[in-house]
2 protein chains.
Amino acid sequence: MASPHRKPRWRRRADARPDEILGAALAEFTERGFEATRVEDVARRAGLSKAGVYLYFASKDDLLRALIEREVAPVARGVAALAEAGKADPLGAIRAIVAALSQATSDPARFAVPRVVLSVAGRFPEIGAYYREHVVEHGLGALAMLHRAGVEQGVFRDVDSRIAARALVGPVMLHAAWLHVLGGDPGKMSPAARAEAHLDLVLKGLLQ
Amino acid sequence: MASPHRKPRWRRRADARPDEILGAALAEFTERGFEATRVEDVARRAGLSKAGVYLYFASKDDLLRALIEREVAPVARGVAALAEAGKADPLGAIRAIVAALSQATSDPARFAVPRVVLSVAGRFPEIGAYYREHVVEHGLGALAMLHRAGVEQGVFRDVDSRIAARALVGPVMLHAAWLHVLGGDPGKMSPAARAEAHLDLVLKGLLQ
DNA sequence: ACCGTAAGTTACCGGCGGGTCAGTTAACTC
DNA sequence: GAGTTAACTGACCCGCCGGTAACTTACGGT
């Protein structure tokens with residue numbers, strides 16, 4: 001006999017679906033790139049059918065936009081919080097931020113979004129602009145403010161704040177791109193040690 | 001009458017074709033991205049038919065590989081030359097290299113190849129690896145050698161040479177990515193001035 | 001128990017684009 | 001010139017994938 005309590009072929013879970021689909025999309029986009037992943041791949045990984053995805057997102061492009069927006073929001077909040085908290089001790093805050101950034105960008109999963117943005121920005125300039133405004137500009141702006149605060153307290157030299165911000169972040173990002181995009185060998189140095197060595201150099205300078 | 005000396009509908013130019021096709025491919029890939037450009041777009045821009053392209057390149061992927069290889073070669077030679085020439089005056093050489101890099105990466109055309117590599121490296125890991133070995137590793141290696149030379153001459157502090165190389169190049173590349181990939185506003189500061197300010201910071205340090 | 005509806009599914013369509021093929025024509029050789 | 005070869009083209013093929021339409025099923029309300 002067929003049990004009257006057989007488990008349903010699928011469940012109605014309208015609340016959870018969008019997040020699950022976006023999660024699957026991030027994973028697939030990271031592994032194969034946006035253009036090469038089929039909507040059906042995303043659907044399968046999220047545990048529903050392709051048409052199911054189209055119940056929540058109007059198009060593949062829309063899926064990408066929604067993904068970036070979702071991922072950007074928490075980063076933007078985190079940046080603002082860190083910057084605000086560090087005004088009293090700019091040097092300490094900068095140390096903490098660079099260390100945290102070095103740690104975060106060492107994790108392929110946490111570098112996934114920048115990776116995707118980098119690869120699709122050519123085809124979707126709005127996405128590039130969105131990411132720049134909400135993450136890059138915001139983050140560099142926060143560091144620049146910390147630098148200004150440090151100048152006023154007499155700890156930092158009075159150089160261009162944007163240059164200072166880039167000098168702090170640039171090498172970390174270069175390393176991450178080299179590692180995750182170009183497939184570089186991580187080597188034996190830990191993210192923390194790398195951050196330390198980098199900070200020492202930028203703070204004290206390269207000259208003898 | 002139909003002139004017997006009418007100009008031919010096309011010319012046989014087997015020697016020039018490959019280069020022209022690669023040039024067209026670079027332009028199209030830069031404008032639209034690799035995935036979004038059709039082989040026919042490349043063909044049209046190169047002035048022949050789509051089937052003509054397939055006389056010289058086995059596939060679209062092959063076209064991409066050939067392009068990267070062609071573009072990488074001169075850069076690799078240039079790097080080697082600069083590094084060799086600068087051993088006597090490491091500080092001067094580093095100044096020159098950073099200034100030249102800042103200048104070069106400000107030009108969208110000269111940043112086109114890195115841009116394309118960045119965007120396709122996910123789908124073609126061999127291309128990422130190739131670029132890393134022949135350009136990034138090579139370039140950073142040359143800078144690291146200059147740093148070692150400077151340490152021995154007593155001009156530079158004895159820090160990790162790879163860290164030093166990244167600190168010199170990272171901020172410049174970050175700025176280029178911000179400018180050309182994310183669509184940042186160039187602003188009024190000239191590439192030369194930016195290089196100067198950056199060098200001043202990294203050489204003398206951020207601390208008061 | 002039985003609706004009504006929203007959440008799913010399966011099956012399909014259409015066109016786009018990578019790649020090929022059969023024929024054409026430029027240009028070199030003798 | 002006639003013959004040969006290799007460069008080049010136009011027209012075509014076909015598989016893939018974004019998107020949709022028509023149908024089913026879970027499930028809350030009465």
Can you check the [X] [atom1] to [N] [atom2] distance for me, whole Å?
{"X": "L55(B)", "N": "dT5(D)", "atom1": "CG", "atom2": "P", "value": "18 Å"}
{"X": "E28(A)", "N": "dC17(D)", "atom1": "CD", "atom2": "P", "value": "12 Å"}
{"X": "F57(A)", "N": "dT20(D)", "atom1": "CZ", "atom2": "P", "value": "16 Å"}
{"X": "E35(B)", "N": "dC17(D)", "atom1": "CD", "atom2": "C1'", "value": "14 Å"}
{"X": "D15(B)", "N": "dC28(C)", "atom1": "CG", "atom2": "P", "value": "11 Å"}
{"X": "R44(B)", "N": "dT9(D)", "atom1": "CZ", "atom2": "P", "value": "11 Å"}
{"X": "E40(B)", "N": "dC8(D)", "atom1": "CD", "atom2": "C1'", "value": "14 Å"}
{"X": "L48(B)", "N": "dT25(C)", "atom1": "CG", "atom2": "P", "value": "17 Å"}

When you measure from the side-chain N and O atoms of R17(B) to the phosphate of dC8(D), is any distance below 4.0 Å, counting only OP1 and OP2?
yes
Looking at dG8(C), I'd like to know if its phosphate oxygens (OP1 or OP2) sit under 4.0 Å from a side-chain N or O belonging to Y56(A).
yes
Any donor-acceptor pair under 3.5 Å between the side chain of [X] and the base of [N]?
{"X": "K60(B)", "N": "dG17(C)", "answer": "no"}
{"X": "R12(A)", "N": "dA7(C)", "answer": "no"}
{"X": "K50(B)", "N": "dG10(D)", "answer": "no"}
{"X": "R11(A)", "N": "dA26(D)", "answer": "no"}

Given dG8(C), dA27(C), dA7(D), which nucleotide is nearest the side-chain atoms of P8(B)?
dA27(C)
Which nucleotide in the list dG18(D), dC8(D), dT9(C) gets nearest to the side chain of V39(A)?
dG18(D)
Is A51(A) touching bases, backbone alone, or none of the nucleic acid, heavy atoms closer than 4.0 Å?
base
Do the side-chain N and O atoms of S49(B) and R44(B) include a donor-acceptor pair separated by under 3.5 angstrom?
no
Hydrogens and angles aside, do R194(B) and S106(B) bring a side-chain donor and acceptor to less than 3.5 Å of each other?
yes
Assign each of W10(A) and Y54(A) the nucleotide of DNA chain D bearing its closest heavy atom; nearer the 5' end lies the nucleotide of Y54(A)
Answer yes or no: is there a side-chain heavy-atom contact under 4.5 Å between L174(B) and L174(A)?
no
Centre of F34(A)'s six-membered ring, under 6.0 Å away, within 45 degrees of the axis: is that where NZ or CZ of K60(A) sits?
yes
Would you call R45(B) and E20(B) a salt bridge, using N to O less than 4.0 angstrom?
no
Per nearest nucleotide of DNA chain C, the residue lying toward the 5' end, R38(B) or S49(A), is S49(A)
